[in-house]
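Here it is, the structure in full.
First the proteins, then the strands, lettered A, B, ... as listed; each starts at 1.
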Amino acid sequence: MAYWLFKSEPDTWSWAQQSARGDQGEEWNGVRNYQARNFMRQMEIGDQGFFYHSQTEKAVVGLVEVIATSHPDSTTDDPRWDCVDIKALCPMPRPVSLEMVKAEPLLAEMALLRQSRLSVQPVTPEAWDIICKMGGLE
DNA sequence: GCCAACGTTGGC
DNA sequence: GCCAACGTTGGC
């Protein structure tokens, strides 16, 4: 099983909206970036991810799970763009802010810091554990 | 609101 | 195939 990070502007698609979808989940659509798309194509059902709010909040606010593998993005006719479906698992008891991630030397290599514009990115198992603990999980 | 980073597009 | 121009994203 692999770990990922999904980034969203809360004004566009928020954790609250994602949670409201329940187990039915929702397409992670609208991605128009090849790198991000390629990561989604690698995802498998049961993979887990962080849900990150960019812009105003800049924090990991919850955990999600992949419930459908890559398929055409319903928001475009352009055959280049695929997406997966994800559902909310649980909120972070304490959201892990970008500031907190930056302050942890063990997380310095995260794509979140190195490639700030990438909206879908892989997370190593080590980074996953660290952030879960920082957020009050486990 | 600004700016840096970076991806995309189009002309050559 | 290169590169300049431009658009978008995200942090500050």
Given atom CZ of A/R114 and atom C1' of C/dT9, what is their separation to the nearest angstrom?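 A/R114 atom CZ is separated from C/dT9 atom C1' by 19 Å.
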**Prompt:** With respect to the side chain of A/Q35, which nucleotide from C/dG11, B/dG7, B/dC6 is positioned closest?
**Reply:**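 My answer, after comparing the listed nucleotides, is B/dG7.
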* Residue A/Q115, side-chain atoms from C-beta onward, closest of C/dG10, B/dG7, C/dC12 ->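 From the listed options, B/dG7 comes nearest.
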**Q.** A/E27 and A/S74: side chain donor to acceptor below 3.5 Å
**A.**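 Yes, because at least one side-chain N or O of A/E27 sits under 3.5 Å from a partner of the opposite role on A/S74.
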Between A/D47 and A/W4, is there a side-chain donor-acceptor contact under 3.5 Å, judged purely by atom types and distance?
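Note: A/W4 and A/D47 side chains meet the donor-acceptor criterion.
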Inset, instruction - Please determine, by modelled atom types, if A/S119 and A/R32 share a side-chain donor-acceptor pair under 3.5 angstrom. - result: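 Result is no, nothing qualifies.
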Between atom CE in A/M100 and atom C1' in C/dG11, what is the gap in whole Å?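 Value for this atom pair: 18 Å.
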Using a distance-only criterion (donor-acceptor N/O pair, under 3.5 Å, no hydrogens), is the base of C/dT8 paired with the side chain of A/R117?
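Under the 3.5 Å cut-off, the side chain and the base do form a donor-acceptor pair.
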A/L118 CG - C/dG10 P separation (whole Å) =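 Spelled out: CG on A/L118 to P on C/dG10 is 9 Å.
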- Which nucleotide, B/dG7, B/dT8, C/dG10, lies nearest any side-chain atom of A/Y34?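 So the nucleotide nearest the side chain must be B/dT8.
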ask   = Atom CD of A/Q55 and atom P of B/dG1: how far apart are they, to the nearest Å?
value =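 One finds 14 Å between P of B/dG1 and CD of A/Q55, rounded.
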Without decimals, in angstroms, what is the distance between A/K102 NZ and C/dG10 P?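 So the two atoms are 14 Å apart, to the nearest Å.
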Can you tell me how far C1' of C/dT9 sits from CZ of A/F6, to the nearest Å?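 After rounding, the gap between these two atoms is 19 Å.
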Checklist entry - Do A/W81 and A/Y34 have ring centroids that are under 6.0 Å from one another? => result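 Distance test on ring centres: under 6.0 Å, yes.
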Protein-nucleotide distance (A/E9, atom CD; C/dT9, atom P), rounded to Å:
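A/E9 atom CD is separated from C/dT9 atom P by 7 Å.
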| said: How many whole angstroms separate atom CD of A/Q121 from atom C1' of C/dT9? | reply: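 Computing the A/Q121:CD to C/dT9:C1' distance gives 13 Å.
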